[in-house]
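Contents: one structure, followed by commentary.
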Amino acid sequence: MSSTHEEKSFRENVNLTFDIAASTLDIPEGLGYYIKGVNNVYQVRFPVKINGKVESFIGWRAVHSDHRLPAKGGIRFSSMVNQDEVEALAALMSYKCALVNVPFGGSKGGLVINPKDYDEEAMEKITRRFAFELIRKDYINPAINVPAPDMGTGAREMAWIASTYAAQKTGDVNHLGCVTGKPVSQGGIRGRTEATGRGVVFGLREFFRHPEDVKEAGLEGSLEGKRVIVQGLGNVGYHTAKILQEEDGAKIIGLIEWDGAITNPDGFDIEDVAEYKKNIGGLRGYPKGTFVDEGAKVLEQECDIIIPAAMEGVINARNATHIKAKLIAEAANGPVTFDGEMILREKGTVMIPDIYMNAGGVVVSYFEWIKNLSHIRFGRMTRRWEESQNDLLIQAIEKSGGKVPDSLKAKLRQGASELELVRSGLDDSMREAFQSMREFYWTNDKVHSYRIAAMALSIEKIATSYLEMGVYP
Ligand code: GLU
């Protein structure tokens, strides 16, 4: 591959996929071009006084599509973030929401900052000031634009943003819906933190329920015993790896982090590794595995599944030829470049695309937003009633001579908690979206990958929305 392949920006990579996907559809001329572009971007510079010194910060919030409102997408804090990246990520949000039937447009924000350089007090000042600027221009608003966590941000930052909004927009009864991914005590929802990782696992489980698809990847059976390499032990990678190991019996044989990677053919205990990382800051020195300085090299190791859960562009034209995994599950946004994908497809590697694979976060954000607008926890009015109904059912079975085993009684009696409802809704969303994506893939001659299928389905839904809205022509 020539070096020019490596020079495509993130947005160009996304748009190349868009062009191929759009060409498989019959949408009116000009509409595809409109959908592809970012509708608006707000760039803001602001000063914050830290330890008596004024520091300047720069950030963006891009709205790719507002065919449905609010537009949705995370805010990234990173020293590497730039406008191109924010625009690419905003576009991916539109496509992922459309794919999993979450009725939102697509948006994304970014602030140039290395959160490790600041203490908590400074981070709060900076986050609140950034939020203040975005709120002023309606780039944060429960009805128009609703951020969430992304790289470098989490529940803590979301709580600060929500509090800034409430202070600035007194009287907005729906203020809690201005941001998702909040702590539960601040209007968040149970299951949001694990949602993207759990969504990745639900997606993989659904893939393994389709033997035809599994066979195409050169695999067989279920997730049990599969050798998995995970890149990134942040929120997404950690939950994905943990659930795969603990609930599905997969073997996590490689873990890649910023300071290198660790490998162990017998598989890691993720909780143990995470505990080590929390104390030490990285993976170097972890005693129950082999440390590899050049972490990215571990992507090239023999394994069944690679789950890139960190950065964009980590599998590209430079390393794609060396990748041995049969299946790549894109838990991060844009981890496989367009050129990387071309090489891998030729080799027969199956890729489950980001706009499907990592959509679990925004699915549960949708549930959180609904919870905030309805001002009530899911299950609050029905849980005890369900329990009494279930109890009646058990009594009826036993009175008519049947016997319900004691081991099942408690489970059967139980009404659904918020967490159970969230997980069930997430599972359903992930299964349905996979089924529509695979059906489009298997039944359309012009579609040669899940990625194109997913993107085409998304574009079709967004196009239909614009057409029916009457905005176009
Ligand atoms: N940042 C996450 C993503 O890239 C979540 C977005 C959201 O929940 O709005 O999908």
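Order of appearance sets the numbers: ligands from 1, and atoms from 1 within every ligand.
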**Message:** Suppose we call two aromatic rings close when their centres sit under 6.0 Å apart. Are His67 and Tyr466 close by that rule?
**Reply:** yes
**Complete:** Within 4.0 Å of some non-hydrogen atom of Met93, the atoms of ligand 1 are 3 (C), 4 (O), 6 (C), 10 (O)
**Prompt:** Met158 near ligand 1, heavy-atom distance under 4.0 Å?
**Reply:** no
**Asked** Is the shortest side-chain N to carboxylate O distance from Arg76 to Glu85 below 4.0 Å?
**Response** yes
**Asked** Which protein non-hydrogen atom lies closest to atom 2 (C) of ligand 1, naming both residue and atom, and how far is it?
**Response** Pro149 O, 3.7 Å
**Prompt:** Does ligand 1 have any atom sitting under 4.0 Å from a heavy atom of Arg76?
**Reply:** no
**Request:** State plainly whether the residues Arg423 and Glu420 are in salt-bridge range, i.e. N to O under 4.0 Å.
**Result:** no
**Request:** May I ask you to list the atoms of ligand 1 that are less than 4.0 angstrom from any heavy atom of Ala148?
**Result:** 6 (C), 7 (C), 8 (O), 9 (O)
**Request:** Specify the protein heavy atom at minimum distance from atom 4 (O) of ligand 1: its residue, its atom name, and the distance to 0.1 Å.
**Result:** Lys108 NZ, 2.8 Å
**Asked** Given His64, which of Phe18, Tyr34, Phe104, Tyr95 fulfils the ring-ring contact (aromatic ring centres under 6.0 Å, His included) condition?
**Response** Tyr95
**Prompt:** With atoms numbered from 1 as shown, which atoms in ligand 1 lie under 4.0 angstrom from a non-hydrogen atom of Gly74?
**Reply:** 1 (N), 6 (C)
**Item:** Value rounded to 0.5 Å, distance of CD in Gln168 from CD1 in Ile140
**Value:** 8.5 Å
**Identified ring-ring contact (aromatic ring centres under 6.0 Å, His included) counterpart of Phe434 within the set Tyr356, Phe208, Phe202** = Tyr356
**Item:** Asn333: numbered ligand 1 atoms lying under 4.0 Å from its heavy atoms
**Value:** 4 (O)
**Item:** Met151 heavy atom under 4.0 Å from ligand 1
**Value:** no
**Request:** May I ask you to identify, for Leu92, whether its side chain, its backbone, both or neither come under 4.0 Å of ligand 1 on a heavy-atom basis?
**Result:** neither
**Message:** Can you report which non-hydrogen protein atom sits closest to atom 8 (O) of ligand 1, along with the distance?
**Reply:** Ser365 OG, 2.6 Å
**Message:** Quick check on contacts: which atoms of ligand 1 are under 4.0 angstrom from a heavy atom of Gly361?
**Reply:** 8 (O)
**Complete:** atom 9 (O) of ligand 1: closest protein heavy atom, distance to 0.1 Å, is Lys72 NZ, 2.8 Å
**Asked** Roughly how far apart are Leu457 CG and Glu460 CD, rounded to 0.5 Å?
**Response** 6.5 Å
**Tyr276 side chain to Glu271 side chain, donor-acceptor N/O pair below 3.5 angstrom** = no
**Prompt:** What is the closest protein heavy atom to atom 10 (O) of ligand 1, and at what distance does it sit?
**Reply:** Lys96 NZ, 2.8 Å
**Message:** Side chains of Asn372 and His175: any donor to acceptor distance under 3.5 Å?
**Reply:** no
**Top protein contact for atom 5 (C) of ligand 1, by heavy-atom distance** = Arg192 NH2, 3.5 Å
**Message:** Between Glu368 and Lys371, does any side-chain N to carboxylate O distance fall below 4.0 Å?
**Reply:** no
